[in-house]
Amino acid sequence: MIKLTLKDGSVKEIEAAMPAAEVVKGIGMGLYKSACCVKLDGQVCDLRTTINKDCTFEVMTFDSEEGKRTFWHTASHVLAQAVKRLYPNVKLAIGPAIEGGFYYDFDTEKAFTADDLTALEAEMKKIVKEDIAIEQFGLPADEAKAMLEKMGEPYKVELCAEHAGKGEDISFYRQGDFTDLCAGPHLMSTAAVKAFKLTACTGAYWRGDAKGKQLSRIYGTAYPKASQLEEHLKAAEEAKKRDHNKLGRELEYFTTVDYIGQGLPILLPKGARVIQILQRWVEDVEQKHGYLLTKTPYMAKRELYKISGHWDHYLDGMFVLGDPHDETKECFALRPMTCPFQYQVFLNRARSYRDLPMRLGETSTLFRNEDSGEMHGLIRVRQFTISEGHLILRPEQLEEEFKDCLELAKYMLDTVGLLDKCTFRFSQWDPANPKNKYEGTAEQWEEAQAAMKKILDHLGLEYTIGIDEAAFYGPKLDIQYKNVYGKEDTLVTIQIDMLLAEKFGMEYTDVDGKKRMPYIIHRTSLGCYERTLAYLIETYAGALPLWLSPEQVRILPVTDRAAEYCQKVLEKLEARGIRATVDSRKEGVGYKIRQAQLDKIPYFFIVGDKEAEEGTLSLRSRSEGDLGAKPMDEVLERIFRENDEKVR
RNA sequence: GCUGUCUUAGCUCAGUUGGUAGAGCACAUCCUUGGUAAGGAUGAGGUCGUCGGUUCAAAUCCGAUAGACAGCUCCA
């Protein structure tokens, strides 16, 4: 007798060992039909797994993350089968489930294009209709290798070789004429993959190595029901409408010009205004947090970057003025970071422990010659301005100061309304990194990472770990944000650096009169203003909170008889620092309202004879619509109050 | 940098198998003083991203190049 503890706590007994699928059938055929995989003692397992001992038994449907992944993984096999049927010479690489769907990488003579997807979808439809049973089998490593070689799948042979060392059988899945090396789990039949769509085809490197072979990747998504697929595709369409790269241009926050160059956006008056508001606010808040404002040069001689190590690591990514390799002549480079410039402030004279912590802040413009394929709207650019800062510390100050940096960043992200959707990543080095990216000794890295881990754990911060995501000089805490396409970038970073101080000969005299080397925290509070603006536009769909709106109030006169009254109201608004305009064009009030609404102005006043006479304002908000006529002071007071609150 | 797609008026897009370009919005002028999401009329605006090639003839076909988009790789 085998005892299975179900999700609801009840116990189901089975007479003898049997596949999980049979157990699920026993619970109910309805459940079996929607089952994707099972969790046995918390482990995700295939429905084919034989149950031969007591365990907890949980059935995972498409509603669960694990169920989705199994479903999408099978969908990727259906895709691969279709590709093999239509293009027998194509070689298979890998085809995992990912967030929101799946992809499969293929090695093909000619890369797939959007036109090929239609034919592939049709073939997939056939495979689903054929209701092909999916079977799993294992082979000893040498037999597996021989079979894959016979099948002519070099990438699979390579993957097989990797698994061979473990001494276990190599797992395969077969569905009719298609067999794939795969650890699973998978659905029981192709029939379940009812609604699917191939969404994109792109290039992707084998094993993520840009020097390696480039494969042709097909992305797709799939659902049990057509209605779910429709819903997903619709949601993706809706998300695209918030794309800052589109909306930001439409609303005239920024633009780009071919002959200025890639990654060099022009901030139009609205975008420039928002960034100015953010900058002034950040500088003021940082001052209150004890930061000393600095202003350092935008370029330096090559020698500075040689000391810092950036010359060796990032020469290709710098804008160099002069011949970088001609040592007989002076050579400058635009700065790609602020660190070594700001260190000079500390180095200006001999320092004592009494000077520490020294918190340096700067609104710093940086230049990085990104690869041509990297630029994206305001998110990835070649010139950007960051709320940069470096803290120079005694080692015992590290924890408290790091905590303050994090608190400050969280406060700022919360105030602008981005914190809710941020995630935290502890970016560590990879001791096995083949690119030889990291400097310093293993001991130094272990020390810095242990220090950061301790701090993060003390704070109880939830974070993921990013191996090989560290800077060359130290580990980072990255605050990540996703754009409307789901692509993640770093919004804010706080880094511990135990290496650069030594390179620059930074030291302080400690209490005991001995010279010691400080620790350094590299940090930003609100990140790059361009990127932050991009995320604000996407998060708010262009309707920025009142305090960040470039134009906060627009006054719409109904007739020019109200001009004088409008002017009076405008002056009252301006006296309190509200950014307001009067739309005095000779247009109908309906037309002006439509314009104000499309421009996403937070509040607008409709002002005609009635209001001028009664001393009122007809208030309209972009979100609540017509709010009716109210006494002028009441309306103004409401706006002043909301503006001061920085409410979202 | 790599793979794929794309580039026609300020914006969104039409433009049949090659025969030197159209619409809507926006803009300008005039009329309209109009009350909660588009009042009317007229007009201006394009060497079809750029350069080169094929052709009697190129927005249309070919090549190069610059931008844009998605993904990969990179991101101090």
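Residue numbers start from 1 in every chain, and the chains themselves are labelled A, B, ... in the order their sequence lines are given, proteins ahead of strands.
- For A:Arg585, counting side-chain heavy atoms from C-beta on, the closest listed nucleotide (B:U36, B:C75, B:C27) is B:C27.
- Ring centers of A:Tyr438 and A:Phe472: at least 6.0 Å apart, outside the cut-off.
- With centres under 5.5 Å and a plane angle under 30° as the test, the ring of A:Tyr591 is not stacked against the base of B:A38.
- Between A:His310 and A:Tyr314, the angle of the ring planes lies from 30° to 60°, which puts this pair in the tilted group.
- When both distances must be under 3.5 Å, the Watson-Crick or G-U wobble mate of B:U54 does not exist.
- Rounded to whole Å, the P atom of B:C51 lies 14 Å from the corresponding atom of B:A58.
- An OP1 or OP2 oxygen of B:U3 is reached within less than 4.0 angstrom by no side-chain nitrogen or oxygen of A:Lys213.
- Comparing B:A37, B:G1, B:G4 by their nearest atom to the side chain of A:Thr113 picks out B:G4.
- Picking from B:G1, B:A38, B:U33 the nucleotide with the shortest atom distance to the side chain of A:Asp560 gives B:U33.
- Listed nucleotides: B:A37, B:U3, B:U5. Nearest to the side chain of A:Leu598: B:A37.
- For A:Arg249, whose side chain is taken as the heavy atoms from C-beta onward, the closest listed nucleotide among B:U5, B:A68, B:G71 is B:A68.
- Note on A:His376: a side-chain N or O is less than 4.0 Å away from OP1 or OP2 of B:A70.
- Taking atom CD of residue A:Glu587 and atom P of nucleotide B:C30, one finds them 13 Å apart after rounding to whole Å.
- Rounded to whole Å, the separation between the P atoms of B:G19 and B:U60 comes to 11 Å.
- Centroid-to-centroid, the aromatic rings of A:His522 and A:Tyr473 come within less than 6.0 Å.
- Looking at heavy atoms from C-beta onward, A:Phe605 lies in side-chain contact with A:Leu573 at the 4.5 angstrom threshold.
- Donor-acceptor pairing under 3.5 Å, judged by distance alone, is present between the side chain of A:Arg380 and the base of B:C75.
- Distance from the side chain of A:Tyr205 is smallest for B:C72 among the nucleotides B:G34, B:G39, B:C72.
- Between the base of B:G10 and the side chain of A:Glu252 there is no donor-acceptor pair shorter than 3.5 Å.
- Within 4.0 Å of A:His313, counting heavy atoms only, lies no atom of the nucleic acid at all.
- Phosphate proximity of B:A68 to A:Gln262: present, with a side-chain N or O under 4.0 Å from OP1 or OP2.
- For A:Phe384 and A:Tyr529, the distance between ring centers is not under 6.0 angstrom.
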